[in-house]
Amino acid sequence: MNFSEVFKQSNQLCKVSPDGKYLATCVQYRLVVRDVSTLQIMHLYTCLDQISHMEWSSDSLFILCAMYKRGLVQVWSLEQPDWHCKIDEGSIGLVSSRWSPDGRHILNTTEFHLRITVWSLCTKAVSYIKYPKACQKGIDFSRDGSYMALAERRDCKDFVSIFVCDDWHLLRHFETETQDLAGLEWSPNGCVLAVWDSCLEYKVLLYSLDGRLLSTYSAYEWSLGVKSVSWSPSSQFLAIGSYDEKVRIINHITWKKIAQFEHPATVESTKAVSQVTNFVSLINSLLLPHLDEICSLPVQIPVVKPDPDRANPKIGVSVLAFSSDNHYLATKNDNMASAVWVWNMQKMSLEAVLEQTSAVRCFQWDPRHPRLALCTGNTKLYLWSPGGCVAVQVPTEGGFQVHSLNWHCSDNSLILLGKEQLCLCYMETDEEDK
Amino acid sequence: MGEWWTTEASMENCEISSISHVTMSPSRQNNFVSSYLFPLAKSSYSVISAFCTEDNVLQCISYINQELASLGLCSTYIEATSPEGTGLNAVPALNAIYELLQIHRRTMSTVEALEKEQLKKSSTMELMQTSNTRLKDQLELSIREKSGLHEMERQLQLKIKTLQSCLKTEKDEVQKLQSIIASRASQYSHDAKRKEREAAKLKERLSQLLVDRKDKKLAIDVLNCLGRSDGKRGHWKTAKATASHEGEMYKSLLSDYEASQKSLMLENAELKKVLQQMKKEMIHILSPCSSSGRGATADDSQEQHHDSDGEEKMGDTSRETLDQSCEHAREQLTNSIRQQWRKLRNHVEKLDSQVSQVQNQLESNKEMIPLETHEDEMERMRCEVQQCKEFIHAQQQLLQQQLNTSFDDETAALLNDCYTLEEKERLKEEWKLFEEQKRNFERERKNFTEAAIRLGREKKAFEEDRASWLKNQFLNMTPFTDRRRCSSSDGHSALSVRSEPEIRMSSVKAQLAKSSTYTTFSTPRSSQSGAVPSTPELYRTLRLIPESSSSRHSNRGLWQECSTIEDGDNQLKV
């Protein structure tokens with residue numbers, strides 16, 4: 001395992017290009033583009049203000065830099081460094097900005113979610129989409145990039161509009177049976193749209209691509225409902241994490257619950273292998289031995305009771321992540337923030353509970369192998385795979401606190417982001433055998 | 001006096017009636033006795049008429065006086081008028097009678113009083129008894145009532161408990177609902193606040209815009225337009241385009257449905273196969289059992305019917321690729337599987353009950369005996385194994401003891417010595433023998449070596465001699481016979497001289513091998529007094545060469561013989 005040197009970044013803006021060749025980071029108002037393998041600076045661009053958001057286009061040729069305070073979006077080209085593009089939203093302000101899947105349109109959400117402006121870089125044309133909903137996840141593009149689903153709210157009612165990304169043609173527009181739509185997500189095969197209500201009501205609606213309601217799922221009434229939703233990569237399962245600390249798995253054939261995963265404070269099941277990652281620092285490039293402590297059951301997981309009077313309490317399953325091969329699901333229960341639960345989707349049972357010393361800040365699955373990387377804000381990087389788990393100390397002077405991490409799409413490496421720093425971690429190929 | 005006792009029985013009834021007709025006559029003194037008995041109602045006491053006769057007056061009088069004395073009337077004795085005892089003094093008698101009457105009256109009155117008393121007492125007792133029974137009944141009733149009340153109380157307590165638990169659950173639910181309401185309220189208030197903040201911001205922005213009036217237009221500033229990502233030109237939005245979008249969408253949906261349907265069909269086919277397999281196996285399991293006569297013939301026929309049904313269905317399922325028959329075939333399959341399963345289950349239940357019956361009755365079931373004998377065998381073998389183990393252990397212990405004690409005790413050491421003493425003696429003897437033999441061997445070896453050395457020397461001498469003799473011979477091919485004789489006698493002497501060590505050698509050899517040649521050797525020597533023995537003859541007699549080989553006359557043969565002798569020497573030396 002090799003670690004690169006530490007670079008500066010600001011705002012946790014550090015992204016690898018979709019083709020995996022370049023790494024773009026933002027340092028204040030500069031955009032730095034490096035080559036991933038050599039980490040040499042290829043391009044350096046200067047924006048007009050501090051960059052709030054940065055995004056690669058899908059063809060890895062352009063980078064979008066949004067400055068929300070100024071209401072500006074600047075687009076840079078890698079092929080032609082002289083090429084520039086500046087979009088000014090004017091007095092209407094800017095709240096979010098993103099690329100369209102074809103990499104030629106930019107969608108800007110104005111302040112107060114008044115409208116979405118679609119800028120075309122091919123024709124300089126503008127189109128508007130009215131009444132977008134300001135919610136947790138109001139826009140989603142299908143995986144193949146052909147359709148966009150948008151949540152709208154008009155006359156105190158929720159609607160969903162499906163656009164064809166090719167020419168922004170409105171394909172379908174239908175009302176949803178939600179009280180207050182909180183989010184929507186396409187299934188990976190692009191045929192089903194999952195729509196869920198706000199936490200005041202547990203309701204998940206499944207719509208087909210042509211706007212028909214396929215099914216409704218509601219586990220219970222009155223208590224706080226859905227906190228997070230995730231599709232499995234094969235579109236077979238829909239995992240719903242809720243405030244009652246449970247994850248319910250819905251199958252795509254009957255749209256009914258087939259499994260329910262609970263997160264009790266005491267893990268007693270003999271099928272669960274409780275692994276506590278060991279905190280030993282390792283020298284780079286040594287073959288990492290398995291350092292798990294397999295605890296004897298039952299294991300107590302520390303629970304932090306949330307304040308009952310506050311809104312959006314820190315309880316319930318807030319993060320769901322499927323592994324790329326569909327075999328595992330990693331979940332995090334907010335009142336047991338130091339534990340990550342890994343579930344085996346083939347056996348529908350608990351595979352491991354990874355308990356850390358402090359709250360887990362971020363975890364992500366390797367896009368190629370069933371390997372989970374997680375960090376807790378200290379100087380260590382934790383990796384879990386079905387074979388075992390390991391803790392690696394990031395070897396930098398002055399301590400590098402890992403706040404978040406991202407896997408490289410193909411290269412078997414990790415990007416670790418600290419508060420103001422970033423570091424790359426290259427896994428060695430012989431560790432793939434682990 | 002004893003008369004009146006014997007007549008008692010016979011005079012029972014008639015005497016009572018006769019007593020009633022008896023009148024007072026002074027001649028008969030026994031009348032007053034019977035009148036005394038009159039008021040006594042119907043008693044069998046009827047001996048009075050025989051109490052006193054003319055003969056026993058005095059005895060009667062004395063008896064009556066005694067009685068009176070016993071009653072306490074000493075003053076009124078009856079006297080007889082004459083010593084013969086036929087008469088009686090009237091005054092004392094009358095007094096006595098009067099006293100007796102008084103006594104009788106008194107007793108009668110006491111009897112009456114007692115009887116009254118008794119009546120009273122009996123009535124009170126009856127009263128008591130009735131009141132007792134009444135009170136007992138009351139008590140029982142009250143006890144029952146009490147138990148009934150207890151029961152009611154208990155039920156009420158139970159009811160209270162259930163109601164309390166209900167109340168508790170309700171309270172809990174109320175609490176839960178309250179917490180839900182509270183969380184919802186906090187969520188609503190949070191959302192409302194957020195919206196309010198947003199509205200405030202909007203208002204502010206609006207007012208700012210109204211004030212500013214500098215409407216910054218939105219604009220895009222691009223160096224040059226980009227080409228489309230797919231390289232094609234943009235299209236106008238037409239109805240055809242819309243239709244094509246719709247078409248695209250439906251196509252993608254359809255392909256997804258087709259894919260899922262395909263996978264579902266495959267799964268379905270596999271499951272059907274599994275079910276078929278199960279059905280076949282179930283039929284197979286059930287058919288031999290039903291043929292053993294357990295079920296009724298109806299069952300059999302049913303079975304066969306189902307079997308034939310099954311056959312049909314199997315045929316059906318082979319044609320199942322048609323969609324129309326799918327539903328029907330599926331239903332048939334599931335129904336038949338259900339039936340088979342029911343039969344199997346019944347059969348298994350029957351078997352279970354049979355087994356339990358057999359176990360209860362302890363019948364010799366074929367399956368049980370082997371089990372029992374198997375168990376016995378196992379037990380026996382286990383015992384044997386245990387015994388063997390113990391035996392081995394004991395032996396080990398003894399061995400250990402021996403080994404241990406041999407180092408500790410002197411007696412043990414002596415014992416050990418005893419056991420090995422014989423062996424030691426034998427060993428000693430053998431050693432002695434061995435030493436002796438060794439010595440003998442040494443001696444003989446020495447002798448051999450000496451002999452060999454001498455032989456070697458003598459051989460040399462002999463050779464020289466022979467050579468000279470040959471030379472002489474050769475030289476004496478001329479008619480110089482004298483010299484030849486001399487030399488031959490020399491040769492002879494040499495030979496004879498030479499023969500001695502050979503003799504000794506052979507004797508030694510013979511000693512080793514056989515001693516029989518010694519005698520045979522001596523005789524030829526005596527016969528060879530005159531003539532010169534030829535060397536083969538000599539060797540033959542020395543048994544150095546076999547007697548048959550007469551061809552070894554030549555010198556070559558001699559050389560060969562020398563070599564054999566040498567070999568023999570070598571052998572001897574060894």
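Below, chains carry the letters A, B, ... as their sequence lines are ordered, and counting in each starts from 1.
Contact count versus chain B (heavy atoms, under 4.5 Å) is highest, among A:Leu121, A:Val126, A:Val164, A:Leu200, for A:Leu200. For the set B:Ser186, B:Ala219, B:Ser252, the entry with the most heavy-atom pairs within less than 4.5 Å of chain A is B:Ala219. Heavy-atom pairs under 4.5 Å with chain A peak, among B:Lys201, B:His245, B:Glu246, at B:His245. Comparing A:Lys124, A:Arg172, A:Glu111 by heavy-atom pairs within less than 4.5 Å of chain B, the highest count is held by A:Arg172. Counting heavy-atom pairs closer than 4.5 Å to chain A, the top residue among B:Leu202, B:Asp256, B:Thr242 is B:Leu202. When the candidates A:Val75, A:Leu61, A:Val73, A:Ile87 are compared by the number of heavy-atom contacts under 4.5 Å with chain B, A:Ile87 comes out ahead. The candidate from B:His190, B:Arg184, B:Gln208, B:Glu198 with the greatest count of non-hydrogen atom pairs under 4.5 Å with chain A is B:Arg184.
Under 4.0 Å is where a charged nitrogen must lie from a carboxylate oxygen, and between A:Asp88 and A:Arg70 no such pair does. Here A:Asp102 does not pair with A:Arg104 in a salt bridge; the nearest charged N to carboxylate O distance is not below 4.0 Å. Using a 4.0 Å cut-off between a side-chain N of Lys or Arg and a carboxylate O of Asp or Glu, A:Asp158 and A:Lys133 qualify as a salt bridge. For the pair A:Arg98 and A:Glu55, the salt-bridge criterion is not met [side-chain N within less than 4.0 Å of a carboxylate O].
A:Tyr207 has its ring centre less than 6.0 Å from the ring centre of A:Phe174.
If you measure heavy-atom distances from B:Leu264 to chain A, the contacts under 4.5 Å come from the side chain alone. Neither the backbone nor the side chain of B:Lys176 comes within contact range of chain A; no heavy atom of the residue lies under 4.5 Å from a heavy atom of that chain. For B:Glu248, the parts sitting under 4.5 Å from any heavy atom of chain A are the backbone and the side chain alike. Both the backbone and the side chain of B:Ile220 have a heavy atom closer than 4.5 Å to some heavy atom of chain A.
For the residue pair A:Trp119 / A:Glu89, a side-chain donor-acceptor distance below 3.5 Å is found, with atom types taken as modelled.
Taking the six-membered ring where tryptophan is involved, the planes of A:Tyr220 and A:Tyr202 are perpendicular, since the angle between them exceeds 60° and thus also 30°. Ring geometry for A:Trp231 versus A:Trp255: interplanar angle over 60°, hence perpendicular rather than tilted (30 to 60°).
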